Chemist: 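What follows is a single structure, and I will ask about it in a moment.
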Amino acid sequence: MSEQRPAPHCSECGEVMEWGTTTFKYSDDDIGVTIPDVPAWVCPKCGEVSFTPEMTDQLIETLKEFVAAAKRARQRQPLLREYVVQVAG
C-alpha cells in the first residue's frame, strides 16, 4: 500500500507520515471496541493517524457488526461485560 501512493503529510504537524499499524478504539453507548494492528498512515512526530478509504470502509462495517452484537449480548446477559474475539489470519 505505502509504495503505490506518496506518503501523506500529517494534518496536525505537517510531518511526512509513515506506513504502519495502529490500535483503533471506538466507544458508543457504553460499548467500547478496540481493534489492534490496523494498517494506517501514522505520524512519527505527533502520532496522528490516517486510514485509507478502503480501511475506513472496513472499520465502519466491522464496528456496525460488533456494536450490534454487543448490544444484543448486553440485553441477553447484562452481567457479562467484556468479550474478546480474535480472528486468526
Side-chain angles (χ1 to χ4, degrees):
M1 180 66 188
S2 61
E3 298 172 17
Q4 296 174 351
R5 300 178 192 148
H9 287 80
C10 177
S11 62
E12 295 296 317
C13 70
E15 189 77 18
V16 175
M17 300 178 94
E18 298 174 353
W19 188 249
T21 60
T22 190
T23 298
F24 179 84
K25 293 185 179 187
Y26 176 83
S27 181
D28 180 39
D29 193 25
D30 292 331
I31 294 172
V33 178
T34 300
I35 306 173
D37 300 322
V38 179
W41 290 104
V42 182
C43 179
K45 185 174 181 181
C46 73
E48 182 72 16
V49 174
S50 178
F51 299 106
T52 64
E54 298 83 10
M55 183 54 61
T56 300
D57 290 344
Q58 288 182 31
L59 287 169
I60 290 169
E61 286 302 312
T62 300
L63 287 173
K64 286 179 184 177
E65 293 173 12
F66 286 166
V67 169
K71 286 180 179 181
R72 286 190 307 272
R74 183 170 58 188
Q75 289 173 348
R76 280 192 314 270
Q77 188 54 262
L79 297 178
L80 300 177
R81 305 297 300 165
E82 184 174 352
Y83 304 86
V84 177
V85 178
Q86 185 172 358
V87 178

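The chain is numbered in sequence order, starting from 1. Every value quoted in this text rests on a predicted model; they were computed, and no experiment measured them.
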Chemist: Side-chain contact test, heavy atoms from C-beta onward, threshold under 4.5 Å: evaluate it for K45 versus C10 and give yes or no.
Modeler: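 No - every pair of side-chain heavy atoms lies 4.5 Å or more apart.
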Chemist: Decide yes or no on side chain to side chain contact (heavy atoms under 4.5 Å, CB included) for E15 and C46, but give the supporting numbers first.
Modeler: CA-CA 8 Å; E15 189 77 18; C46 73; over 6 Å; no
Chemist: Minimum heavy-atom separation for M17 to W41, with atom names?
Modeler: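 Between these two residues, the closest heavy atoms are CE-O, 3.4 Å.
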Chemist: Show your working on side chain to side chain contact (heavy atoms under 4.5 Å, CB included) between T23 and D37 and close with a plain yes or no.
Modeler: CA-CA 6 Å; T23 298; D37 300 322; 5.9 Å; no
Chemist: I'd like to check E48 versus C13 (side-chain heavy atoms, cut-off strictly below 4.5 Å). Are they in contact?
Modeler: no
Chemist: Do V42 and W19 belong together in a cluster built from hydrophobic side chains that touch within less than 4.5 Å?
Modeler: no
Chemist: Between P78 and R81, what is the shortest heavy-atom contact and its length?
Modeler: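 Minimum heavy-atom separation between P78 and R81: O-CD, 3.3 Å.
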Chemist: Please walk me through it: do F24 and F51 pass ring pair (Phe, Tyr, Trp, His ring centres under 6.0 Å)?
Modeler: CA-CA 10 Å; F24 179 84; F51 299 106; 5.8 Å; yes
Chemist: How far does CD of Q77 sit from CG of L79, to the nearest 0.5 angstrom?
Modeler: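 Rounded to the nearest 0.5 Å, the CD-CG separation comes out at 5.0 Å.
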Chemist: Please name all residues satisfying salt bridge (charged side-chain N to carboxylate O under 4.0 Å, His left out) with E61, sequence neighbours left out, ordered by chain then number.
Modeler: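 Result, salt bridge (charged side-chain N to carboxylate O under 4.0 Å, His left out) vs E61: K64.
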Chemist: V38 versus T21: any side-chain heavy-atom pair under 4.5 Å?
Modeler: no
Chemist: When rounded to the nearest 0.5 angstrom, what distance separates CD1 in I35 from CG in L63?
Modeler: 5.0 Å
Chemist: Between E82 and L80, is a side chain to side chain contact (heavy atoms under 4.5 Å, CB included) present by the stated rule, with each step listed?
Modeler: CA-CA 6 Å; E82 184 174 352; L80 300 177; over 6 Å; no
Chemist: Quick one: CD1 on I60 to CD on E65, what's the gap to the nearest 0.5 Å?
Modeler: 12.5 Å
Chemist: Hey, quick one: are L59 and Y26 part of the same hydrophobic cluster, counting side-chain heavy atoms closer than 4.5 Å, chains of contacts allowed?
Modeler: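 They do share one cluster, since a chain of ILVMFWY contacts under 4.5 Å joins L59 to Y26.
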Chemist: Salt-bridge test for D29 and R74: reply yes if a basic N is under 4.0 Å from a carboxylate O, no otherwise.
Modeler: yes
Chemist: Are V33 and V49 linked, directly or through intermediate hydrophobic residues, by side-chain heavy-atom contacts shorter than 4.5 Å (ILVMFWY only)?
Modeler: yes
Chemist: Side chains of K71 and I31: does their closest heavy-atom pair fall under 4.5 Å?
Modeler: yes
Chemist: Could you report the tightest heavy-atom contact between H9 and G14, atom names first, then the distance?
Modeler: CD2-O, 3.2 Å
